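Here is the structure we will look at, set down as structure tokens.
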Amino acid sequence: MEVKIDKNNKLKFAPALLKWHLSENKRQMPWKGEKDPYKIWLSEIILQQTRVEQGLNYYKNFINTFPDINQLAGADDGRVFKLWEGLGYYSRCKNLLLTARYIVKERSGKFPETYDEMLQLKGIGTYTAAAISSFAFNLPYAVVDGNVFRVIARVFGISKPIDTAEGKRFFTELADELLDKKKPGIYNQALMDFGAVICKPVSPLCQECIFRKKCYAYQHNKINELPVKLKIITVKKRVFNYLVLDYKNEILVHERLGKDIWQHLYEFCLFETKKLLKPEEVTNLALEKKILKAGKYVVITKLTPLKQLLSHQLITGQFIYIHLTTKPVLKENYILVRREQLKNYPFPKLINNAIKEIFVEKK
DNA sequence: AATACGGGGTG
DNA sequence: CACCCAGTATT
């Protein structure tokens, strides 16, 4: 059952929010007040499912390296992925490049200026299109991100789940009603700031909240009940057995392609199994597959298995460091990279952790 | 409509 | 440990 929303409360929402934003507490960020759609777009892609503090340095590095969309579009994929390394959700990086190149090629480098055109671009969904069109062009589209779901659900007592199509429609509609159509850009930033600074997911600062007297969740003691989320994510366990093959200080690596995690990042020779194998079992597998040749290798180190938690997977990584005594045959997209050059390739965090242990700690 | 996609911060 | 972050694409 839904709470009825007082129309008067809706009308007062935007002015109160803007007043709050004006007076205090607003967060300072390099893209705030920015009008260059390229910079806004870049910041929004980086910030998808990513905390401001985490994305900040990535944004600065990208802007320094690629001051405009032409430079980004002209860059090598590897260089861009290296800059993105560690930020996660790597399809964002792939789509960033696709879209940059599309805009440069098909639109002479000119960023679209309407919501609908932006929505067509790879990597831009409803949130990002609303953000760019309101920030850069002052178009009246309300952003609906995690902050907005939370603030609206609590203040207006909306118990519709936020992770269903119907719930999203409902929240988006309400968000558009609440939007200040004269100052959509400022308003959108104010709402997200408010969610991040005051109406936080855990332990929100209700004592300082301007909506305290009206807030449904606060008045009914349902701060921790709202917003409502239905789906429970399940975490799949996977075991990655890696052979780190070293021939005269050159390491065998390859780029991950296909539909799995870590697309376009690099890794060593992988044997995925259901259960953790003994190191001998991994080398036996490699012998069967003719990756290793009997008597032509020496096992140097076996790392204690490392864990890496992803949103839907728990990866256990076993790393076996092996010296080859004969030059390996390069299959598929494998390449040999000198030890000192490894740092120039983008790796998942799990692999970087292993690299640190194998090549640095050993000294 | 449901699921996959990273890594980090917080209580 | 559980939750969630300035979400999007794919199935």
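Order of the sequence lines sets the chain letters (A, B, ...), proteins ahead of strands, with each chain counted from 1. Here the structure is a predicted model, which is why all the values come from computation and not from measurement.
Residue A:Arg51 places its side chain closer to B:dG9 than to any other of C:dA9, B:dG9, B:dC5. Set against C:dT8, B:dG7, B:dA4, the side chain of A:Thr128 has C:dT8 as its closest nucleotide.
In this structure, A:Leu230 atom CG and B:dA1 atom P are separated by 12 Å, rounded to whole Å. Atom CD in A:Gln313 sits roughly 8 Å away from atom P in B:dG6 (whole-Å rounding). As a whole-Å value, the separation of A:Tyr58 OH from B:dG8 C1' is 10 Å. Here the P atom of nucleotide C:dT10 and the NE2 atom of A:His312 are 16 Å apart, to the nearest Å. When rounded to the nearest whole Å, the span between CD of A:Glu53 and P of C:dC4 equals 17 Å.
Within the nucleic acid shown, A:Lys200 has no heavy atom closer than 4.0 Å to any nucleic acid atom. At the heavy-atom level, A:Ile124 lies under 4.0 Å from the strands shown only through sugar-phosphate atoms. A:Ser311 comes within 4.0 angstrom of a base, heavy atoms only. Counting any heavy atom pair closer than 4.0 Å across all strands shown, A:Thr126 reaches sugar-phosphate atoms only and no base atom. Contacts of A:Trp84 with the nucleic acid, taken as non-hydrogen atoms under 4.0 Å apart, are absent. The residue A:Gly195 sits apart from the nucleic acid: no heavy atom pair falls under 4.0 Å.
Residue order along DNA chain C, read from the 5' end via each residue's closest nucleotide, puts A:Asp145 first among A:Leu121 and A:Asp145. Map A:Ala165 and A:Ser91 each onto its nearest nucleotide of DNA chain B; the residue landing nearer the 5' end is A:Ala165. Mapping A:Lys231 and A:Asp260 onto DNA chain B via the closest heavy atom, the residue that lands nearer the 5' end is A:Lys231. Checking A:Val52 against A:Lys94, the closest nucleotide of DNA chain C that is more toward the 5' end is the one next to A:Val52.
At C:dA9, none of the side-chain N or O atoms of A:Lys259 fall inside 4.0 Å of OP1 or OP2 (strictly under the cut-off). A close approach under 4.0 Å does occur between a side-chain nitrogen or oxygen of A:Gln49 and OP1 or OP2 of C:dG7. Regarding contacts with the backbone of B:dG7, a side-chain N or O of A:Gln308 is found under 4.0 angstrom from either OP1 or OP2. One finds no side-chain N or O of A:Lys236 lying less than 4.0 angstrom from the OP1 or OP2 phosphate oxygen of B:dT3.
Checked against a 6.0 Å centroid threshold, the rings of A:Phe13 and A:Phe211 count as neighbours. Note: A:Phe135 and A:Trp31 fail the aromatic proximity criterion, with ring centroids not under 6.0 Å apart. Aromatic pair A:Tyr90/A:Trp262: ring centres not closer than 6.0 Å.
Using a 4.0 Å cut-off between charged side-chain N and carboxylate O, A:Asp145 and A:Arg150 make no salt bridge.
If you check distances only, the side chain of A:Tyr89 does reach the base of B:dG6 with a donor-acceptor pair under 3.5 Å. You won't find any donor-acceptor pair under 3.5 Å spanning the side chain of A:Arg150 and the base of C:dC4, going by distance alone. Contact annotation: side chain of A:Thr50 to base of B:dG6, donor-acceptor pair present below 3.5 Å.
Considering A:Arg101, A:Lys94, A:Lys82 as possible partners of A:Asp77, the one that fulfils the salt bridge (Lys or Arg N to Asp or Glu O under 4.0 Å) test is A:Arg101.
The heavy-atom pair separating A:Pro346 from A:His264 by the smallest distance is CG-O, 4.1 Å.
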